[in-house]
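Following: one structure in C-alpha cells, then a few remarks.
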There are 2 protein chains.
Amino acid sequence: MGHGMASRTDTKTRILDAAEKLFAERGFSETSLRLITSKAEVNLASVNYHFGSKKELIRAVLARYLDVFMPSAAAEIQRLFKNPELANLNEIFSSLIKPLLELNQVRHGGTTIFLQLLGRGYIESQGHLRWFITTHYGQYLEAFVRAVSASAPHIPPAEMFWRLHFTLGTIVFTMASADALNEIAAADYGEHNDTEAIIRKVIPYMAAGVSVPILAKE
Amino acid sequence: MGHGMASRTDTKTRILDAAEKLFAERGFSETSLRLITSKAEVNLASVNYHFGSKKELIRAVLARYLDVFMPSAAAEIQRLFKNPELANLNEIFSSLIKPLLELNQVRHGGTTIFLQLLGRGYIESQGHLRWFITTHYGQYLEAFVRAVSASAPHIPPAEMFWRLHFTLGTIVFTMASADALNEIAAADYGEHNDTEAIIRKVIPYMAAGVSVPILAKE
DNA sequence: GTTTAATTTAAACGAGTGTTTTAATTGAAA
DNA sequence: TTTCAATTAAAACACTCGTTTAAATTAAAC
C-alpha cells in the first residue's frame, strides 16, 4: 500500500506539463506519446500506466485547466449578477478576463495554452471531447449562457446558440494563431500585444456580434 | 505522347472527388490515402502517380475550388463598388454569398465542402496551406480587405487587421464544426439549417464585430 | 501489327503509431 | 532485514501510414 507517492505525482505532472504544451502547439493527433515522454524525460509506458490511454491523457490535460477555470468563471458571473442593475455583454465577457489570466499564475503561458487546447478539442477528436466538456462542466456553461441570454433578451435561444459558437470560434482561432498574428502586427503596424491585450481587443468584437439585432427578412 | 486521356482524367477526378469529401469531413491528417483510393475505387499508388504526394493532393483539392471562387468573389466586390453610394459591411459580406453558393453547382454540396476545407486548411497543416493561399490568391484577398476598410473608415488599419482575423476565425471554426453544430441545433431547437442558412446567420455577427466603434479607455 | 509511352496494378518498404508485456527497480510497511 | 506492492524500464507487438518499386496492362502513334 505505502509507496513512493512523491515520484508518482512527479511523473504524472511531468507528463501533463509536456503534453499540454505539445498538444496546444501541434494538436492532439499530431503529437505522439513518444514525443511527449521524451520531452518529459519519462518512460514511454508511463503514460499508459498512469493515464490508461492517450485519449484519457488528453482529457486529464484539459481537466486540469477546466477544474480551475470553470468555478472561477462561474463565481465571477455570479458576482456580476449580485448587482441590481443588469450587466451588459461587454461586462459579462470581461468578467472572464480575470479567470483566464489567473491561469497564467497556475502555469507559465497557461492562458494561451488553455484557449488553444479548447480550440483543438472542439475541432479535432470527433465529438468525444465536446461530450466530455459538456457532461463534466455543463452546469457552468449553462450558467454562462443564461447570463448572456439575460443581457441580450432580444436574441432567441436558437440564435443565441449559434452566436455563442461563433464567439467560441472567434476566440479559439485567434488564440491558436496569436503568435503568428502578433508577428505580423508587429512588423506591419509596430504593435506588440500580449495575450491580455488581444483578449481586450476581441471582447468588443464578440459582444457586438452576439447582441446585434436580427434583421427582418426582406 | 498520345495516350489514354479519358481514363487518366477520370482517375484524377475520382481521386479529387473522394478526397475533398473525406478531407472536409475528417480533416487532412485523419484521412488516409488508402481510404481515399478505396472510396474512389482506384489503386493506392495512383495518388502518388498523378499528384506526387498527399500534400500536393491537398493543394489540388483546394485549388479546384479557389480557382472558381476567388475570381467570382472579386468580380462581385468590384461590381458592388461600381455603385456610387458606398456599400456597407453587410452588403460586402453578403456579396460573397452568390460566389459561395455557385460552388454547389460545380459539385454537389460544394459550398459546405469548400468552407470546411478552408477551415481545416487554416487550422491543420501548420502554415503551409496558409502560405499557399496567400501567395496564389493574395491579390483577391487584398481587394477584399480594401473594400472592407473603405466601408468602415472609423477603424484604424491595425485594428482592422485584428478584426478581420477575428472574422476569419469565426467563419472557419463555424464551418469546420458545422455538421456537429447542426446536429446539436436540430436536437435542442428543432432547427435544420443548410449551409446558406448558417452563412446568413454569421454575416450580421461578423459585420457588427468588424464595425463596432472603438471604446475610449477608461 | 509493332512499337512505345502512359497508366494501372500488386507488393513491398521503412518509418511511425498506441499499447502490452515482462523484467528490473524502488521504498515504505512488516 | 525481509516482504511486497507500486513504479519504472526496455523490448516487443500489432498495426497504420505515405511512398516506392517493378511488373502487367492499356491504348495511341507509327
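Remember, predicted model here, so these are calculated numbers, not experimental data.
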- Taking CD1 from I36(B) and P from dC17(D), how many angstroms apart are they, rounded to a whole number? 11 Å
- Is any side-chain N or O of H50(A) closer than 4.0 Å to OP1 or OP2 of dA6(D)? no
- Write down the distance between CD (E56(A)) and C1' (dT19(C)), rounded to a whole number of angstrom. 13 Å
- Query: Hey, does T170(A) have a side-chain heavy atom less than 4.5 Å from the side chain of F173(B)?
  - Reply: no
- Message: Looking at E191(B) and A158(A), would you say the former's side chain and the latter's main chain have a donor-acceptor pair under 3.5 Å?
- Response: no
- Item | Rounded distance (Å) that lies between atom P of dT8(D) and atom CD of E41(A) | 14 Å
- Query: Any side-chain heavy-atom pair from L118(A) and I133(A) closer than 4.5 angstrom?
  - Reply: yes
- Does T11(A) put a side-chain nitrogen or oxygen below 4.0 Å from OP1 or OP2 of dT8(D)? yes
- Query: Taking the six-membered ring of F114(A) as reference, does the NZ or CZ atom of R107(A) fall below 6.0 Å from its centre and within a 45° cone about the axis?
  - Reply: no
- Message: I need the CG-P distance between N43(A) and dT26(C), as an integer number of Å.
- Response: 14 Å
- Are I171(A) and M206(A) side-chain neighbours, meaning at least one heavy-atom pair lies under 4.5 Å? yes
- Task: At under 4.0 Å between heavy atoms, which parts of nucleotides 18-23 of chain D does protein reach? Answer with one letter per nucleotide, 5' to 3': B base, S sugar-phosphate only, - none.
- Result: BBB---
- Taken to the nearest whole Å, CZ/F51(B) to P/dT7(C) is 12 Å
- Query: Can you find a side-chain donor-acceptor pair between Y49(B) and T11(B) that sits under 3.5 Å?
  - Reply: no
- Query: Tell me: CG of D10(B) to P of dA27(D), nearest whole Å?
  - Reply: 12 Å
- Nearest-Å distance, NZ (K12(A)) to P (dT8(D))? 11 Å
- Could you check how far CD1 of I15(A) sits from P of dA9(D), rounded to whole Å? 11 Å
